[in-house]
Amino acid sequence: MAESVHLNRRGVLFVLSSPSGAGKTTISRKMLAADPDIALSISATTRPMRPGETDGVDYHFVDVDRFKTMAADGEFLEWAHVFGHRYGTPRDRVEDLLAAGKDVLFDIDWQGAQQLYQEAGPDVVRVFILPPTMDELERRLRARGTDSDEVIAARMARAANEISHWDGYDYVLINDDVDGCFDEVRAILRAERLKRRRQIGLIGFARDLIRSVPEADTKL
Ligand SMILES: Nc1ncnc2c1ncn2[C@@H]1O[C@H](COP(=O)(O)OP(=O)(O)OP(=O)(O)O)[C@@H](O)[C@H]1O
Ligand SMILES: Nc1nc2c(ncn2[C@@H]2O[C@H](COP(=O)(O)O)[C@@H](O)[C@H]2O)c(=O)[nH]1
């Protein structure tokens with residue numbers, strides 16, 4: 001049997017953004033459950049914890065002073081104000097995951113996606129998730145049952161602004177059906193992992209293959 005070949009590859013920084021309620025947390029959870037090679041970047045936030053959330057799992061819940069210190073100390077890869085609170089991506093966890101050979105999943109808004117792209121360029125893959133309609137977006141926010149009417153109104157008011165950044169993304173999906181959208185997200189990740197520029201040592205591997213043919217005609 002032929003020897004199997006394994007090339008290492010650069011990790012993917014996989015960003016999911018959407019207006020609040022379109023379903024990125026739902027899709028993220030499915031991805032993490034289905035794929036041991038990708039792990040979640042756990043953001044720090046100053047927003048209050050929701051029922052069902054766990055500190056250190058869903059977010060690191062910190063107060064404003066702590067957040068400001070972390071930002072001043074350069075602990076964030078990116079951070080932004082969203083819905084009147086601060087949210088940021090701690091640098092250490094992302095670097096540790098990449099060093100361990102994992103891909104990293106980010107559930108962040110368009111401001112974070114832009115900053116991350118400035119930091120890490122083509123290692124970043126940006127996916128934007130749209131709701132099928134704005135009525136359905138509001139229905140999902142209400143059905144989630146985690147936010148007051150006031151919070152839901154603020155999120156709906158901001159949704160159009162968030163959607164207006166759709167063209168800053170590499171892929172745009174409509175989350176009509178969760179399973180269908182999840183399949184599309186997985187297909188994107190699978191294809192992105194195979195991209196030539198992510199394969200470390202591919203140039204040398206191809207060159208050695210060519211050189212291993214003594215009489216090779218490499219001229220066109
Ligand atoms: N395709 C879908 N059809 C119906 N309901 C959905 C679909 N996708 C997600 N939902 C539901 O919509 C609600 C909002 O989804 P979710 O919390 O994943 O949104 P989100 O984009 O992560 O929001 P936020 O930015 O506020 O965290 C949840 O109750 C989820 O179960
Ligand atoms: N720029 C960043 N945006 C983030 C980060 N973590 C989460 N988010 C985004 O905030 C909103 C609201 O999230 P919610 O959990 O309060 O509903 C949503 O769009 C998230 O994607 C972050 O570290 N940086």
Side-chain angles (χ1 to χ4, degrees), residues 13-33 40-62 67 70-71 75-94 104-120 124 126-148 150-166 168-169 173-185:
L13 277 63
F14 199 84
V15 173
L16 287 182
S17 300
S18 76
S20 176
K24 60 193 171 306
T25 308
T26 308
I27 304 283
S28 299
R29 288 191 178 141
K30 287 172 83 71
M31 283 179 81
L32 296 167
L40 185 67
S41 161
I42 302 173
S43 298
T45 183
T46 59
R47 87 145 159 75
M49 205 186 297
R50 286 183 189 138
E53 286 182 329
T54 308
D55 188 25
V57 174
D58 300 287
Y59 282 103
H60 299 287
F61 294 93
V62 298
F67 193 100
M70 291 172 80
E75 288 186 39
F76 293 128
L77 263 178
E78 63 74 35
W79 73 270
H81 289 276
V82 191
F83 306 128
H85 300 289
R86 289 171 163 86
Y87 293 78
T89 300
R91 187 183 290 277
D92 280 3
R93 176 171 167 84
V94 175
V104 186
L105 179 61
F106 299 81
D107 174 338
I108 58 179
D109 83 332
W110 66 272
Q111 305 171 86
Q114 263 186 10
Q115 292 176 53
L116 201 61
Y117 189 75
Q118 279 157 15
E119 284 272 329
V124 181
R126 295 157 296 179
V127 180
F128 196 85
I129 297 179
L130 291 169
T133 66
M134 296 310 273
D135 283 349
E136 171 63 10
L137 183 68
E138 184 164 355
R139 193 200 65 74
R140 286 182 193 173
L141 282 172
R142 294 196 182 286
R144 186 165 70 183
T146 53
D147 299 304
S148 63
E150 196 187 349
V151 168
I152 290 174
R155 284 171 187 245
M156 285 304 294
R158 179 155 166 139
N161 176 281
E162 185 78 27
I163 291 172
S164 72
H165 296 281
W166 67 274
Y169 287 75
L173 306 175
I174 300 171
N175 178 17
D176 203 345
D177 163 66
V178 185
D179 291 334
C181 188
F182 171 58
D183 285 346
E184 289 173 348
V185 170

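Position 1 is the first residue of the sequence, and the numbers go up from there. We count ligands from 1, going down the list as the structure has it; atoms in each ligand are counted the same way.
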Completion exercise
protein heavy-atom neighbour closest to atom 11 (C) of ligand 2 works out as Val82 CG1, 3.7 Å
Handout entry: Check: Phe76 main-chain N/O paired with Arg91 side-chain donor or acceptor under 3.5 Å
Key = yes
Completion exercise
To atom 16 (O) of ligand 2, the nearest of Tyr87, Trp79, Phe83 on a heavy-atom basis is Tyr87
Handout entry: Salt bridge flag under 4.0 Å for residues Asp147 and Arg50
Key = yes
Problem - Asp176 side chain to Pro132 backbone, donor-acceptor under 3.5 Å - result: no
Practice task
Using the six-membered ring wherever Trp is involved, compare the ring planes of Trp110 and His165 and label them parallel, tilted or perpendicular (cut-offs 30° and 60°).
Solution key: parallel
Problem - Any donor-acceptor pair under 3.5 Å from Arg93 side chain to Leu40 backbone - result: yes
Handout entry: Residue part near ligand 2, for Lys24, under 4.0 Å between non-hydrogen atoms
Key = side chain
Fill in the blank from the handout: Under 4.0 Å from one or more heavy atoms of Thr89, ligand 2 contributes atoms 23 (O)
Handout entry: Stepwise salt bridge (charged side-chain N to carboxylate O under 4.0 Å, His left out) test for Arg140 and Asp135
Key = CA-CA 9 Å; Arg140 286 182 193 173; Asp135 283 349; over 6 Å; no
Practice task
Kindly identify the option in Thr45, Asp109, Asp58 whose heavy atom sits closest to atom 2 (C) of ligand 2.
Solution key: Asp109
Problem - Within-shell test, Glu162 vs ligand 2, heavy atom, strictly < 4.0 Å - result: no
Handout entry: Part of Arg86 with heavy atoms under 4.0 Å of ligand 2, whether side chain, backbone, both or neither
Key = neither
Handout entry: Pair Arg158 + Asp109, salt bridge at N-O below 4.0 Å
Key = yes
Handout entry: Distance-only donor-acceptor check, side chains Asn175 and Ser18, under 3.5 Å
Key = no
Practice task
For Met70 and Ala44, work out which heavy atoms get closest and say how close.
Solution key: CE-CB, 4.4 Å
Exercise for the section: Just let me know how Arg155 lines up against ligand 2, side chain, backbone, both or neither, with a heavy-atom cut-off below 4.0 Å. Expected result: side chain
Practice task
Cation-pi check, Arg47 to Tyr87: give yes when NZ or CZ is under 6.0 Å from the six-membered ring centre and within 45° of the ring axis, no otherwise.
Solution key: no
Exercise for the section: Identify, for atom 15 (O) of ligand 2, the protein heavy atom at the shortest distance, and state residue, atom and that distance. Expected result: Tyr59 OH, 2.6 Å
Handout entry: Check: Glu136 side chain, Thr133 main-chain N or O, donor-acceptor pair, under 3.5 Å
Key = no
Practice task
Examine Arg126 relative to Tyr117 and say whether NZ or CZ is less than 6.0 Å from the centre of the six-membered ring and inside a 45° cone about the ring axis.
Solution key: yes
Practice task
Please check if the side chain of Thr45 supplies one atom and the backbone of Arg86 the other of a donor-acceptor pair under 3.5 Å.
Solution key: yes
Contact table ligand 1 N or O to protein N or O, d under 3.5 Å:
residue	atom	partner	partner atom	Å
ligand 1	1 (N)	Arg140	NH2	3.4
ligand 1	1 (N)	Asn175	OD1	2.9
ligand 1	1 (N)	Asp176	O	3.2
ligand 1	1 (N)	Val178	N	3.3
ligand 1	3 (N)	Arg140	NH2	3.3
ligand 1	8 (N)	Asn175	ND2	3.0
ligand 1	17 (O)	Arg144	NH1	2.9
ligand 1	18 (O)	Thr25	N	3.3
ligand 1	18 (O)	Thr26	N	2.8
ligand 1	18 (O)	Thr26	OG1	2.5
ligand 1	19 (O)	Gly23	N	3.2
ligand 1	21 (O)	Ser18	OG	3.3
ligand 1	21 (O)	Gly21	N	3.3
ligand 1	21 (O)	Ala22	N	3.3
ligand 1	21 (O)	Gly23	N	3.0
ligand 1	21 (O)	Lys24	N	3.1
ligand 1	21 (O)	Lys24	NZ	3.0
ligand 1	22 (O)	Thr25	N	2.8
ligand 1	22 (O)	Thr25	OG1	2.4
ligand 1	23 (O)	Gly21	N	2.9
ligand 1	23 (O)	Arg144	NH1	3.0
ligand 1	25 (O)	Lys24	NZ	2.4
ligand 1	26 (O)	Ser20	OG	2.5
ligand 1	26 (O)	Arg144	NH1	3.0
ligand 1	26 (O)	Arg144	NH2	3.1
ligand 1	26 (O)	Arg155	NH1	3.0
ligand 1	27 (O)	Thr25	OG1	3.4

Practice task
For ligand 2, find out whether one of its N or O atoms is nearer than 3.5 Å to an N or O atom of Gly88.
Solution key: yes
Fill in the blank from the handout: Residue, atom and distance of the protein heavy atom nearest atom 24 (N) of ligand 2 read Glu78 OE2, 2.7 Å
Handout entry: Protein heavy atom at shortest distance from atom 6 (N) of ligand 2
Key = Ser43 OG, 3.1 Å
Handout entry: Side-chain donor/acceptor of Glu78 to backbone N/O of Gly88, under 3.5 Å
Key = no
Handout entry: Ile108 backbone acceptor or donor facing Ser17 side chain under 3.5 Å
Key = yes
Handout entry: Nearest neighbour of atom 21 (O) of ligand 2 from the list Asp107, Leu116, Ile42, on a heavy-atom basis
Key = Asp107
Handout entry: Under 4.0 Å to a heavy atom of Gly112 - the qualifying atoms of ligand 2, by number
Key = 1 (N)
Handout entry: Gln115 touching ligand 2 at heavy-atom level, < 4.0 angstrom
Key = no
Problem - Per-atom contacts of ligand 2 with Ile108, taking only distances under 4.0 Å to non-hydrogen atoms - result: 2 (C), 3 (N), 4 (C), 5 (C), 8 (N), 21 (O), 22 (C), 23 (O), 24 (N)
Practice task
Could you list which atoms of ligand 2 come closer than 4.0 Å to a heavy atom of Ala80?
Solution key: 1 (N)
Exercise for the section: Pull out every atom of ligand 2 sitting under 4.0 Å from any heavy atom of Arg47, numbered as shown with elements. Expected result: 14 (P), 15 (O), 16 (O)
